[in-house]
Amino acid sequence: VADLPVDNQALLHRQFPIFSWGSGGKLMYGLPIESNQSSFIMGSGPALPTIKIVNADSVVTRELFLQSFPGPLVKNKTKKKDVEKWLQSVLEDSSGDDSSLVRIAADILKIKVADSGTWSDISRSLYNSDELFVYLSQPFAVPEHLPVAHKLDSSNQMKVLAHLQTGGQDEALKLALQNNDYAIALLIGSLMGKERWSEVVQYYLTEEFKIESDVSDFSSNLLSLIFQVFVGNSKEAIREFSQVPIKKQWALNNWKVIISAVLNNINPNTDSSPSSINQAPPVILEFLIEFGLFLAKFGCGTQASIVFMIANLPLSSSPLDNTSITFESVGSPNSVNGRILSEVYEFACSNDAKGFPVLLLQKLQQAFYYQELGMTSNATKYADYLGTIVKGLPKKGSNTINFAHSLAELSSQITGSSTGWLGKP
Amino acid sequence: VADLPVDNQALLHRQFPIFSWGSGGKLMYGLPIESNQSSFIMGSGPALPTIKIVNADSVVTRELFLQSFPGPLVKNKTKKKDVEKWLQSVLEDSSGDDSSLVRIAADILKIKVADSGTWSDISRSLYNSDELFVYLSQPFAVPEHLPVAHKLDSSNQMKVLAHLQTGGQDEALKLALQNNDYAIALLIGSLMGKERWSEVVQYYLTEEFKIESDVSDFSSNLLSLIFQVFVGNSKEAIREFSQVPIKKQWALNNWKVIISAVLNNINPNTDSSPSSINQAPPVILEFLIEFGLFLAKFGCGTQASIVFMIANLPLSSSPLDNTSITFESVGSPNSVNGRILSEVYEFACSNDAKGFPVLLLQKLQQAFYYQELGMTSNATKYADYLGTIVKGLPKKGSNTINFAHSLAELSSQITGSSTGWLGKP
Amino acid sequence: MPTITNAHNDLIHDAVLDYYGKRLATCSSDKTIKIFEVEGENHKLVETLSGHEGPIWRVDWAHPKFGTILASCSYDGKVLIWKEENGKWAQIAVHAVHSASVNSVQWAPHEYGALILAASSDGKVSVVEFKDNGTTAPVVIEAHAIGVNAASWAPSVMPEGGVSNQTRRFVTGGADNLVKVWKYNSESQSVTLEDTLEGHTDWVRDVAWSPSVLLRCYIATVSQDRTCIIWSKEEKDDKWTKTLLQNEKFPDVLWRASWSLSGNILALSGGDNKVTLWKEDLEGKWEPAGEVQE
Amino acid sequence: MPTITNAHNDLIHDAVLDYYGKRLATCSSDKTIKIFEVEGENHKLVETLSGHEGPIWRVDWAHPKFGTILASCSYDGKVLIWKEENGKWAQIAVHAVHSASVNSVQWAPHEYGALILAASSDGKVSVVEFKDNGTTAPVVIEAHAIGVNAASWAPSVMPEGGVSNQTRRFVTGGADNLVKVWKYNSESQSVTLEDTLEGHTDWVRDVAWSPSVLLRCYIATVSQDRTCIIWSKEEKDDKWTKTLLQNEKFPDVLWRASWSLSGNILALSGGDNKVTLWKEDLEGKWEPAGEVQE
């Protein structure tokens, strides 16, 4: 449609559609007759002949699983099985859109609610590596076993040892790299702290792990990151590639494959950490937090929420690390999906019966949403639940006052819609 | 001298030398005239003509630095400079016996007392690696740069990545080792925990670090140990070689070179640990303790003390780890050198003004030693110092009673030797 | 469901259900306001209100606690207040401070009192409180010199100090293509400008501040430039974040924006004769939530 | 420094300075004991004690708190006790329980009382206490059947319960090449065998328990087999650790072993006519600490 200058005055003489929201799940609208039609009929009838009042429910597209959601979810009251069943229905409904963030979040939450999952289950939610198994089972041509790499000769090996005996780590490393002996270079690097080791790893992968078909160095980037994660160098690794545009883009595009690969390498037998998915080993926790912050920083806030969920971070208004980034909700709290997923996450992961206090307003907003659509019984369940919560809040403080005030408004709307005319305040 | 059967009766008719210790630093002796001489003279004079009473001091070989030792060393009272000066005189006196444990201990203590030393200073006390610098500065023939090692080809590299993405660490490692690609094998090993990593390191060094002239695999043993120390696998590494006789012997024989090499690789910039020699980084502390226990277990108790000193362990009667080995003294507490070195160690390293209580008896014994040699003023200093200590000990308890009792005996000996005949109890 | 046919013979500019959804007020270029009662399937015309001297652009019901009261604004430059008492409707007040068309009128959140916000083509907005003893002096300020097309109150939020400490905000949209956010201080009876939001390239036709209880504020603005912009901000942010409802322009000018009662769904009406519904998705973008069809 | 010449005309078997280093007692095959006063450079023969009927092997001064008292033991099978009172010496007690040569006699640590330990070629050792009212019945036990050559008390150590709870130990060396460690219970007047230490390959000629205050016990034993063995043990150990003073054998038999007053230095005398001094080094081995030369 071309951008013609608008005739402001003429607009005052046009009939636009009219619309008004009403309480009790109603809405009123009036659509104008198409102007050319009107002219053709040559009648002078009103441009807007009919005004209709209908149920909002009949117009608003409702999420299929909204009605069946067993909320509000109350720890030790709501049955885990019911939540699992509901999540399962969501997954079946997602109409095959495997990459949808809603599906991924729901899948992960189902694993968490069941409380018997493993890290590779979560990994699979992000990226199904079955295709790799197919690839791995293919027979490969037996390669010729000609030596193609380098290593230090005896006298240089002794020099390396002599350097190390005299504390000359840098000299030893230089000698190894000059001779392209990466094995001994990695060993020397292992003495020099995680940053130097990571440098050697990256150098080695860059030099030696070039795969022809590899677009934007996918393989060496991924391997390099995996190794750095497990040596505890996540923060630095992520900082490094977030400063190189092409690597940053690679990481943002491939976040699922990356996290999946890292999670698949959590070995319950190493370290003394439990393999429970409720507690990530320290290096993994560091990685998940840093990677989540990276995603959030570059505009992938919802993906970041999923990563923070995997890391079992609590929902809270406190900023993470030394950033201004918070994890208050799974996705936008102003979206229905976001609010429901946040509530399920709280149910699955919060240790406290109190849950995550930051969700109270979201639950209130959700209750209002039910009421707007005329789903009064759902709205009532939430209103009752929130009514019990309000009693436990600190008496003073604007947060409590506002909350109670809004809850009262909700209750009066609910009452109003059920008793009609008689419900005058 | 041939082992002839001894004629017991005849012995009763022989004049043996006579000898008796006296208080106040005196001793009495009588040496028989040589029997053949006597027969020659044909005199019937007594076989033991003279009995002499002399100062013990004139007979007992005294350590040159004993008189000048500024003990008892009292924290915040004795000047560090005086102790340093004294240690310096000991080092100059050790008549060039660089390998003597006394020299090594004194050298290390001098570094500790000065409080400004580095790990490589301590390393140098054990083993002066200057000879290696000479070796390192020699020009070497430029080696041919023909590839002699192996590495994975592209398709196998992709297989490794695919294995890792699917959590197949063992498969990835197997593939790497089958193809002798040790660099990638080490990287994979780094994901699998310190024990697996150490296995790969040892395997690699055994296969690839064979130096012709290397007697008992000195180089690969030493490198293997260094790498395992820094990954925190000391206990296992030491346990492993203590079970292989040839390696165990290598470690016992080369303890100084080994520890020196490890200390020289402590990099103050890595980790967040201070480079202060008063606090070893955790992996180093683990290594020093385990290696010390190893030395003690196989009969090198004094060497073990030196290692525990480097590790700044407190002197105490409590056993170390789950062993029965204790670190109560630097060397034997029944040796003068041992007692003095222990006292200097306490002065240098104990944080508490109370010092190491386990040394109290040693200091008392040292005081008695001074008194035996007639060095009454030194004995008095110790007696006075211990007198103040006694007041701080728990009133009851056999330890205190015995200590006070022996101290009283010492005091009475000192009094006796200074007032002579009049000092009757 | 009630269907009212031929409510007016001329253009109908606005129609609003009351708090209980029992009455419908419509206003038209025919200079009248009609009050209908709606119940179940039925509707009944209760009253036709005359008084304005030009097309009536908008009507707004006051909170029931004040009684059955309606405000209307018109091309004639006036805001009229109507009240039903004992089944009879009467005009009970006139607010005539503007010298040109009054384009929008809205009652403030009832906690503020009986307060009205009016926007006029004379470039000014006015805030006027109706006390029991008559009106107070209105507060009038210049908002958008060329003309103010719409104004909307922010929802009421109780701060630490209680009602008297409240920050009362409203947003305006003008013929200068700008959107402005204002702070109204009832004690000092003054209005100060807080933010000026640039983004539209033609007249802003409607502004709507979402009544959501969440801590994030949302303002929807629609314009003749065929875009709808969602402005959002949290208390701790310095600046408003601007999000286009959708990247492509709408087929025709956009005319009205209206949030559902709790701010979950946004309804837009425009020159393409459609009413489209929108809601926020998981990732903070806006997705369709339905469309009103005949 | 005092030099006493020609103290006796026959073999001199022992010479001991008293507690204050003022008197010297010598004993000889001439069956006499001579008491000398030594002061500065001078010496003076004070008394010659007769009473034994055979060569006198050893003498031992009692602790001054008991008075000026000397014990002697002889080939004649007796132990005689001598006392100086008012400048005059007299024999005050006889201990004649043995049926053969008494080879060593030693007063116990003075805390135990006036107690004597005697070792005899009749194979027995005896412990006898001299009370103010006369002697108690001696405790006599068989130690080394072929003959006991030497016996030495362990130093006194106060245990938790006080003097009465003390473990009183002594060590013996015999003609059976063995060294034995014994426990003497003063309450029950009994002696029990604690350890038998094997190592020497010929008669053990002397045993000496170090008076060191350290918690580790040391016993030096010398033998006709030309070795000196140091036996050491801590309270918590089960077994005694055996250390050869030096790996090579001495040129001739070893005869006497004597610890310095606090156990820091060990003096050995032997058939090579030397008195050598020894002390422990840092590593727990024994190194030379001097030699007595003419």
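Just so we're on the same page: letters track the sequence lines, and every chain starts at 1.
Residue with the most contacts toward chain B among D:A289, D:G290, D:S269: D:A289 (heavy-atom pairs, distance under 4.5 Å). Here B:V60 is the residue among B:V60, B:L364, B:N55, B:N337 with the most heavy-atom pairs under 4.5 Å with chain D. Contact count against chain B (heavy-atom pairs under 4.5 Å) is highest for D:G271 among D:G21, D:S156, D:G271, D:G263. Looking only at heavy-atom pairs under 4.5 Å with chain B, the residue among D:N264, D:L17, D:I4 that has the most is D:N264. The candidate with the highest count of non-hydrogen atom pairs below 4.5 Å against chain B, out of D:V16, D:D14, D:I265, is D:I265. Considering only heavy-atom pairs separated by less than 4.5 Å from chain B, the leading option among D:G284, D:A175, D:A267 is D:A267. Ranking D:S210, D:S29, D:P288, D:G270 against chain B, the residue ahead of the rest is D:G270, based on heavy-atom pairs under 4.5 Å. The residue among B:L341, B:L11, B:V330, B:V54 with the most heavy atom pairs within less than 4.5 Å of chain D is B:L11.
For chain D, no part of B:S317 is nearby; none of its heavy atoms comes within less than 4.5 Å. With a 4.5 Å cut-off on non-hydrogen atoms, D:P155 does not touch chain B at all. Residue D:W286 touches chain B through its side chain alone, counting heavy-atom pairs closer than 4.5 Å. Contacts of D:K236 with chain B are made by side-chain atoms alone, with heavy-atom separations under 4.5 Å and no backbone atom involved. Only the side chain of D:V38 comes within less than 4.5 Å of a heavy atom of chain B; its backbone N, CA, C and O stay farther away. D:L277 touches chain B through its side chain: at least one heavy atom from C-beta onward sits under 4.5 Å away, while N, CA, C and O do not. Within the 4.5 angstrom heavy-atom criterion, only backbone atoms of D:W259 (N, CA, C, O) approach chain B. Neither the backbone nor the side chain of D:E287 comes within contact range of chain B; no heavy atom of the residue lies under 4.5 Å from a heavy atom of that chain. Residue contact with chain B, scored on non-hydrogen atoms closer than 4.5 Å, is absent for D:S101.
For the salt bridge (Lys or Arg N to Asp or Glu O under 4.0 Å) test, residues two or more places apart in sequence or in another chain that qualify with D:K279 are B:E63. Taking the side-chain hydrogen bond (donor to acceptor under 3.5 Å, both in side chains) definition, one finds that D:S260 meets it with B:E372, sequence neighbours left out. Here D:D30 pairs with D:H8, D:S28, D:T32 under the side-chain hydrogen bond (donor to acceptor under 3.5 Å, both in side chains) rule; sequence neighbours left out.
Screening B:Q366, B:Q365, B:Q362 against B:R339 for a side-chain hydrogen bond (donor to acceptor under 3.5 Å, both in side chains) leaves a single residue, B:Q366. Checked against D:S232 for a side-chain hydrogen bond (donor to acceptor under 3.5 Å, both in side chains), the options D:K242, D:E280, D:R216 give a single hit: D:R216. Applying side chain to side chain contact (heavy atoms under 4.5 Å, CB included) to D:L261 and the options B:F368, B:Y369, B:W21 leaves one that passes, B:W21.
In this structure, the side chains of B:F356 and B:E328 stay at 4.5 Å or more apart for every pair of heavy atoms. Residues D:Y19 and B:S23 fail the side-chain proximity criterion, which asks for heavy atoms closer than 4.5 Å. Looking only at side-chain heavy atoms (C-beta outward), D:L11 and D:H13 come within less than 4.5 Å of each other. By the 4.5 Å heavy-atom criterion applied to side chains, B:L373 and B:L66 are counted as neighbours.
Salt bridge D:R226/D:D272: absent, no basic N to carboxylate O contact under 4.0 Å.
Taking the six-membered ring for Trp and the full ring otherwise, B:F19 and B:Y29 have centroids separated by 6.0 Å or more.
Remark: side-chain polar atoms of D:K233 are paired, donor with acceptor, to backbone N or O of D:D237 under 3.5 angstrom.
A perpendicular orientation is assigned to the rings of D:H43 and D:F36, their planes being inclined by more than 60° (bins at 30° and 60°).
Residues from residues 297-305 of chain B that place a non-hydrogen atom less than 4.5 Å from a non-hydrogen atom of chain D comprise B:T302, B:Q303, given in numerical order.
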